[in-house]
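Taking it in order: structure first as C-alpha cells, then the write-up.
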There are 2 protein chains.
Amino acid sequence: MLRSGVQTGYSIKRAVDRSTRFFWATSFAQVYPELAQLERQGYVAGRDEPRGARPRKTYRLTEKGRRALDGWLRSPRVPGFEFRDEGLLRLFFADALPPDDAVDLVRRLREHATEASRSFREDILPLAESAPQHGYRFPLVAARWGSDYYTWRAGWLAQLQTELEASLPRRGSGRRQTD
Amino acid sequence: MLRSGVQTGYSIKRAVDRSTRFFWATSFAQVYPELAQLERQGYVAGRDEPRGARPRKTYRLTEKGRRALDGWLRSPRVPGFEFRDEGLLRLFFADALPPDDAVDLVRRLREHATEASRSFREDILPLAESAPQHGYRFPLVAARWGSDYYTWRAGWLAQLQTELEASLPRRGSGRRQTD
DNA sequence: GGAAGCATGTAAAGTGTTACATGATTTT
DNA sequence: AAAATCATGTAACACTTTACATGCTTCC
C-alpha cells in the first residue's frame, strides 16, 4: 500500500477496506503496531508530518522494504491452503440438521453469496476501475476475480439447493419417496 | 466430529486432515487444549480409555454441546468475509513486478489451483464418497464444492494468463511457457 | 453547531502455528 | 528391526479482534 502512495496508518486501513478486504482484511489495532515494528526492522521509514494540531505520521518503503515486497511476490511458495470459509464448514456438518433446516442453511449461504456478488459489481468494481488510470491494473483484476467468484458461488449453491429440494419429501405430505 | 463418531483428539485432527482441511485446518496444539476447555465448559465429556499401556482419552458431545452445534448451524449470522487468500493478495499487488514476472505469478497461482483441483478429484472425493453410506451426505457435498471450486479457479487464472500474455510485448529471448 | 471523517494509539482477550517432548502399538 | 501410526500434551511465539480512549478538521 505504501508503494502505491498511501502514506499513513489510517489511510492504509481505509485502502484495505476499499480493496483487499474481501480476501485479506485488517484493523487499526493491527496496522499501527505493525508499522512501528516494520520501522524498527528497517522495512519502512516514518516521518512526523502533522496537519495543523492533528498528529500525523507518514511512512515510505525503504530499499529493504522494497526488496522484501519483491521477494514475497516472486516467492515460489504458495501457501498450501491458507484459506478459511466458515460457510463451507457449516455445510460440511449440515447432516446434524433435519433435512429441511439443512436446505435452509444452503439457502442462507446462497443469499449471502448473491449479496456479495452484487456488492462487488456495484461497489467494488466501479472503485477498482479508476485504478488502471493511475498505472495499477491488478487491483481491477482482483476485483473482477471477486465479482466472478461470488457469482460462481451463488450459482453453485443455487444448483445444490435445487437438488436438495428435489430430494426432500413435501412438507405436510405423507411418506418420503426414494432418492 | 465427535457427533459423527470420532472420539479422540488424535483422530479429530486426522479427520480434519482428510476432510475440512481445505476450508478449515487445525493442529494437535489446537485440538487438545480446546477439548480440555470444552470439557471444563460442559460441551463435551471425556473418559480415559487407554489401549494397553498407551494413554487414550475419548470424548462425546453432551446435551449442551449438541445444542451449541445446532445453534451454530442454524445461526442466521453468516460471517461477513471471514476468508483469506494469500494468492489473491499477491495478485492484487502484482503491479509491483515487471510485466513478465507478473505473468509468472499468475502462472504459479494457476498451477497451484490445478494441483489442488487434481488432489480433490483423486484424493478427497474418493474418500468422501464413502460417507453417504454411513448416513452423512454433506461431507461429499463439501468435497464436490472443493473440486468444482479449484477447477473453476484454475480456469479463471488460465484465462487471465492468456489475456496478460496477449497484452505483453513479445520478448526476443522468449521464455514462453507452453502449457 | 453537529456530523462525518481524519488520525493515532493501548489493553485484553482470543486464536493459531511451530517447535519441542515422549512413548506405545501395529505394520512391513 | 525399522517405519508408520496412534496417542497426548506443553511452551513460546505470532497473529487477530474487540473494546477502549482521545482529539482535530472539514463539511453541511
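We name chains A, B, ... by the order of the sequence lines, and we start the count at 1 in each one.
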Worksheet item: Taking atom P of C:dG16 as reference, at what distance in whole Å does atom CG of A:L89 sit?
Response: 11 Å
Discussion item. Quick check for you: among C:dT8, D:dT16, C:dA19, whose closest atom lies nearest to any side-chain atom of B:R84?
Written reply: D:dT16
Worksheet entry | Distance test, side-chain N/O of A:Q30 to OP1/OP2 of D:dC15, below 4.0 Å | no
Practice prompt. May I have the distance from A:Y32 (atom OH) to C:dA11 (atom C1'), rounded to whole angstrom?
Written response: 17 Å
Discussion item. With a 3.5 Å distance limit and no angle check, can you tell me whether B:T114 reaches the backbone of B:A154 through a side-chain donor-acceptor pair?
Written reply: no
Discussion item. Between C1' on C:dT15 and CD on B:Q37, what's the gap in Å once rounded to a whole number?
Written reply: 11 Å
Fill in: Rounded interatomic separation in angstrom, taking NZ from B:K13 and P from C:dT17
10 Å
Practice prompt. Answer with base, sugar-phosphate or nothing: what part of the nucleic acid does B:T8 contact at a heavy-atom distance below 4.0 Å?
Written response: sugar-phosphate
Discussion item. Could you check whether any side-chain N or O of A:S11 sits under 3.5 Å from a backbone N or O of A:R14, counting only pairs where one atom can act as donor and the other as acceptor?
Written reply: no
Response to the item:
Winner on side-chain proximity to A:S27, out of C:dC6, D:dG9, D:dT18, is D:dT18
Discussion item. If you assign B:Y59 and B:R14 each to the DNA chain D nucleotide with the nearest heavy atom, which residue ends up on the more 5' nucleotide?
Written reply: B:R14
Discussion item. Do A:L88 and A:R153 have side chains that approach each other closer than 4.5 Å (heavy atoms only, starting at C-beta)?
Written reply: yes
Worksheet item: For B:E34 and B:F28, take the nucleotide of DNA chain C holding the closest heavy atom to each; which residue's nucleotide lies nearer the 5' end?
Response: B:E34
Practice prompt. Assign a letter to each nucleotide of nucleotides 23-28 of chain D from its 5' end: B, base within under 4.0 Å of a protein heavy atom; S, sugar-phosphate only; -, no contact.
Written response: BBS---
Worksheet item: Taking the side chain as C-beta and beyond, is there a heavy-atom pair between B:I124 and B:F22 under 4.5 Å?
Response: yes
Worksheet item: Is A:F28 isolated, or which residues cluster with it under the ILVMFWY side-chain rule of less than 4.5 Å, directly or via members?
Response: A:Y10, A:Y32
Fill in: Distance, rounded to the nearest Å, where A:I12 contributes CD1 and C:dT8 contributes C1'
13 Å
Worksheet item: Below 4.0 angstrom, N of the basic side chain to O of the carboxylate: do A:R107 and A:D104 qualify?
Response: yes
Worksheet item: Over how many whole Å does the gap from A:D17 atom CG to C:dA7 atom P extend?
Response: 15 Å
Worksheet entry | Rounded distance (Å) that lies between atom P of D:dC6 and atom CD of B:Q7 | 14 Å
Worksheet entry | Heavy-atom closest pair, residues A:T62 and A:G42 | OG1-O, 2.7 Å
Fill in: Shortest side-chain distance from A:A29, nucleotide among C:dT10, D:dA7, C:dT17
C:dT10
Item to complete: Mind calculating the distance between OH (B:Y10) and P (D:dA4) to the nearest angstrom?
Response: 13 Å
